[in-house]
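Here is the structure we will look at.
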Protein chains: 2
Amino acid sequence: MSTKAQYDAFLAVCPSRQLLARISDKWVVLILCALGGDAQDGTGVPTPMRYSGLSRLLAGVSQKMLTQTLRSLERDGLLTRSVTPTVPVTVTYELTALGRSLHQMTRGLRSWAQQNMDEVFTHREEYDTRVSS
Amino acid sequence: MSTKAQYDAFLAVCPSRQLLARISDKWVVLILCALGGDAQDGTGVPTPMRYSGLSRLLAGVSQKMLTQTLRSLERDGLLTRSVTPTVPVTVTYELTALGRSLHQMTRGLRSWAQQNMDEVFTHREEYDTRVSS
DNA sequence: CTGTATCCACTGCGATACTG
DNA sequence: CAGTATCGCAGTGGATACAG
């Protein structure tokens, strides 16, 4: 780790920029929320889910994007993909320890949102009326 | 596109969905980190910055995107834009209390990235060799 | 059930030129 | 210095059809 201490997200070439790219992915955070158990009760107990379950929960996601996003998260070691050779085949996705640690970050974002989005919306309305006038 | 009931249900337990639009923005997190003072010493002491300063710090950002992102953050009440009528004009951006509270979340993301991206890259290499073999 | 493959509309975003 | 305006394309992502 010759350069780890020098990671600087402000630099264009910095690898940590890629984390931001990952977070920016349209479905990544929602998938982390789903597998993190946020959909059940908000307690955030990690919950393995099947492809069809995710597809149902994230209604509106296309097959292409769901598969593509799950693959990239698996590639990054954030979740595991387990195939059970039943008929038809059963595939289960589950967060890894790394994935759960990232999920803690996204949970923080979510709690921030729950507490502050109202204020954000208020600011937006105020700004829009101020600008249009 | 169509607003299905289950999609809404998931949003109900994952209200950060609207926050995600903000966070997903390519430059939002870096701007919050910059104005949050992360660029100086990592202590996270909020630091007002000028347009040109931000432009220099955020390597690779275009004028268009910097201006556009700053405007949307101002609209959301996350930062303030102060114009000082010098010649030439001086514009200073500064986090609001709301912006600083969100910055605490983004600091978590950034530190997660700087601590865990090495592991992510290791997983990627392993995955790629496993797939190509 | 769990995907792959292909087409293509839309847009995010950089590049460039111009302005108060 | 701090923007605004416009163009163009590469990439995102939805729709659709096919498959193990």
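Lettering of chains follows the sequences in order, A, B, ..., and the numbering in each one begins at 1.
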Would you indicate which nucleotide in C:dT2, D:dG14, D:dC7 comes nearest to any side-chain atom of A:Met65? D:dG14
note: A:Leu58, atom CG; D:dG13, atom P; distance rounded to Å ~ 14 Å
When you measure from the side chain of B:Thr67, which nucleotide among D:dA2, D:dT4, C:dG14 comes out closest? D:dT4
Respond yes when some side-chain nitrogen or oxygen of A:Arg50 is under 4.0 Å from OP1 or OP2 of C:dC1, and no when none is. no
From the candidates D:dA2, D:dT4, D:dG14, the one with an atom nearest any side-chain atom of B:Val91 is D:dA2
With no hydrogens and no angle check, do the side chains of B:Arg124 and A:Gln18 hold a donor and an acceptor under 3.5 Å apart? yes
When you check the phosphate oxygens OP1 and OP2 of D:dC1, does a side-chain N or O of B:Tyr93 lie under 4.0 Å from one of them? no
Identify which nucleotide among D:dC1, C:dG14, C:dG3 has an atom closest to any side-chain atom of B:Ser62, counting heavy atoms from C-beta outward. C:dG14
Ranking A:Gln68 and A:Pro88 by the position along DNA chain D of their nearest nucleotide, the one closer to 5' is A:Gln68
For a side chain to side chain donor-acceptor pair (under 3.5 Å) check, start with the C-alpha distance between B:Thr67 and B:Tyr51, then their side-chain angles and the critical distance, and finish with the verdict. CA-CA 8 Å; B:Thr67 300; B:Tyr51 183 90; 3.2 Å; yes
Using only side-chain N and O atoms of B:Trp27, determine if any of them is under 4.0 Å from OP1 or OP2 of C:dG12. no
Starting at CG of B:Leu66 and ending at P of C:dC13, how long is that distance when rounded to a whole Å? 13 Å
Length of the line joining A:Leu70:CG and C:dC1:C1', which is rounded to integer Å: 14 Å
Could you tell me how far apart B:Arg22 (CZ) and C:dG12 (P) are, to the nearest whole angstrom? 12 Å
Of the candidates D:dG13, D:dC1, D:dG3, the side chain of B:Gln63 sits closest to D:dG3
Interatomic distance, A:Met49 CE vs C:dT2 C1' [rounded to whole Å]: 15 Å
Ignoring the backbone of A:Lys26, work out which of D:dA2, C:dT2, D:dG14 is nearest its side chain. D:dG14
In whole angstrom, give the distance that lies between atom OH of A:Tyr51 and atom P of C:dG3. 6 Å
Would you sort out whether B:Ser72 and B:Arg22 count as a side chain to side chain donor-acceptor pair (under 3.5 Å), showing the intermediate values? CA-CA 9 Å; B:Ser72 66; B:Arg22 234 23 3 279; 3.3 Å; yes
What nucleotide, of D:dA2, C:dG3, C:dT2, holds the atom closest to the side chain of A:Arg81? C:dG3
Per atom distances to the B:Arg71 side chain, the nearest of C:dA15, D:dT4, D:dG14 is D:dT4
OP1 or OP2 of D:dA2 sitting under 4.0 Å from any side-chain N/O of B:Ser52? yes
Rounded to the nearest Å, what distance is computed from the CG atom of residue B:Leu54 to the P atom of nucleotide D:dG3? 10 Å
Once you round to the nearest 0.5 Å, how far does CE of A:Met105 lie from CG of A:Leu19? 10.5 Å
Could you tell me which non-hydrogen atom of A:Leu32 sits nearest to which non-hydrogen atom of A:Gly99, and how far apart they are? CD2-O, 4.3 Å
